[in-house]
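In each ligand, atom 1 is the first atom listed, and ligand 1 is the first ligand listed.
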Amino acid sequence: MHDLKEFIRRRKNLMQVMGRESIAILPTAGEQVRNRDVLYPFRPDSNFLYLTGFWEPEAVLVLIPGRQHGEYVLFCREKNKTQEIWHGRRHGQEGVLEHYAVDDSFPIDDIDEILPGLMENKTRVFYTMGIHNNFDQRLMGWVNQLKQKVRMGVNAPGEFVALDHPLHEMRLFKSAYEIRMMKKAAAISCKAHKRLMQSTPAGLYEYQLEAEFIHECMHNGCRDSAYPSIVGGGENACILHYTENNMPLNDGDLVLVDAGGEYQGYASDITRTFPVNGKFSAEQKALYELVLEAQAAAIEMVYPGSHWNAPHEAAVKTITKGLVRLGLLKGRVDKLIKDAAYKPFYMHRTGHWLGLDVHDVGDYKVDGEWRMLEVGMVLTVEPGIYTGDNRKIPKKWRKIGIRIEDDVRVTRTGNEVLTAKAPKTIDEIEALMAAGVVLKKAVKKKAVVKK
Ligand code: GLY
Ligand code: MN
Ligand code: MN
């Protein structure tokens, strides 16, 4: 699936912005220790991945527009028989020249000797400052090394420019290839959410539902999740970033599942909330319908020429009106909105950019104003209502957390919901849950096998 042309085009675009007097230097992420001799699964830095498509650790991308021996230089690990027997395959210098359209490659262990030479007589360094502390220091060391050669006619770069801005602007607008990847991530994740609804999870632990989600994602081609799944039953759904997922799911509660697979580095980010026993109670239904209405109002505001905050404003208005209708807020809607009276129920914003990072890069404001939505942007739309232990409302309304989240792309004519296949109306969910016992059966079968 690695599309060389796509990556060549990205690097070319960036080099055009940089100009010939510049060099760009971008290390990938470092490997992180989990505990003694055990590492967390490696995930490349998203900027690095965007420009290279290369998944090995210990690599540094260097772009030198106009360089005769090649503009795209990659420092990466050398091939090494022993290391590869112990830790896995490496492309090595020849491998990246052959498979990644790299122009010139050097062993990562030689970077101190080679990189200063590549920086000679360049005036500007594009660099993501402040992310990799260690690397920042090494870069300053290389620059100082060059400064000492000034009497030999060598000029050291004097200008450091944040690479983030031009790169993040590029990443904000998704290409046709990226949309294909995001649609795949979305389709697989929708399937996984549907699988959870085809179960009757009462009595299971939250993490067992998480396991089913991951199972379905992996079976369909997502090697990883885009972020740790949130599976919150009952009042746990009111903890926005709940990831302990270690409590039993109780009959009568709702369960909120915020989970998405990652495909070729691209995230999906979906939340669905459904009843553990397959049937919404009256209060659950009323609040759920309200969140769904708010989400529809917000999605309607996603079109070219609308602005970043318009979906949020629509969601806030719908939720505030609805809470008044249900008697959970009292007062005039416009005054309640002005006073942010909805905040104890709805304390987060309605979305974020989505792409290689689940909370993807890109500015939300330009010159102090909310940014206009444009074709090619992808964002989430995710309103919610969380009653928690709010003492100002009758008891029957408390301990309910609901969020409905979809991934939406801005199109020429309006928008496209990439995650529409994950059911979200009450009728769809209840029908699906009444018909399906997939998970219960699967779990029972596994239990028998174990004995
Ligand atoms: N899954 C994190 C979020 O929805 O923003
Ligand atoms: Mn989410
Ligand atoms: Mn989200």
Donor on one side chain, acceptor on other, Tyr127 and Asp136, under 3.5 Å: yes
Top protein contact for atom 5 (O) of ligand 1, by heavy-atom distance: His359 NE2, 2.7 Å
Closest approach of any protein heavy atom to atom 3 (C) of ligand 1, naming residue and atom: Asp269 OD2, 3.4 Å
Close-contact set for ligand 1 against Asp258 heavy atoms, below 4.0 Å: 1 (N), 2 (C), 3 (C), 4 (O)
Flag if over 12 foreign heavy atoms under 6.0 Å of CZ, Arg9: yes
Mutual orientation of the aromatic rings belonging to Phe135 and His132 [parallel < 30°, tilted 30-60°, perpendicular > 60°]: perpendicular
Mutual orientation of the aromatic rings belonging to Trp308 and Trp353 [parallel < 30°, tilted 30-60°, perpendicular > 60°]: tilted
Within 6.0 Å of CG in Asn134, more than 12 heavy atoms from elsewhere: no
His241 and His359 aromatic ring geometry - parallel, tilted or perpendicular at 30°/60° bounds: tilted
The Mn ion (ligand 3) neighbourhood, protein N/O/S only, threshold under 2.8 Å: Asp269 OD2, His352 NE2, Glu382 OE2, Glu405 OE2
Phe48 and Phe54 aromatic ring geometry - parallel, tilted or perpendicular at 30°/60° bounds: tilted
Numbered atoms of ligand 1 (with element) below 4.0 Å of Glu405, judged on heavy atoms: 4 (O)
Any His241 heavy atom less than 4.0 Å to ligand 1: no
Short N or O distance, Glu382 and ligand 1, threshold 3.5 Å exclusive: yes
Close approach, Val358 and ligand 1, non-hydrogen under 4.0 angstrom: no
Full working for ring-ring contact (aromatic ring centres under 6.0 Å, His included) between His348 and Tyr386: CA-CA 10 Å; His348 60 80; Tyr386 314 89; 5.5 Å; yes
Lys/Arg-Asp/Glu bridge criterion (N-O < 4.0 Å) met for Lys184, Glu262: no
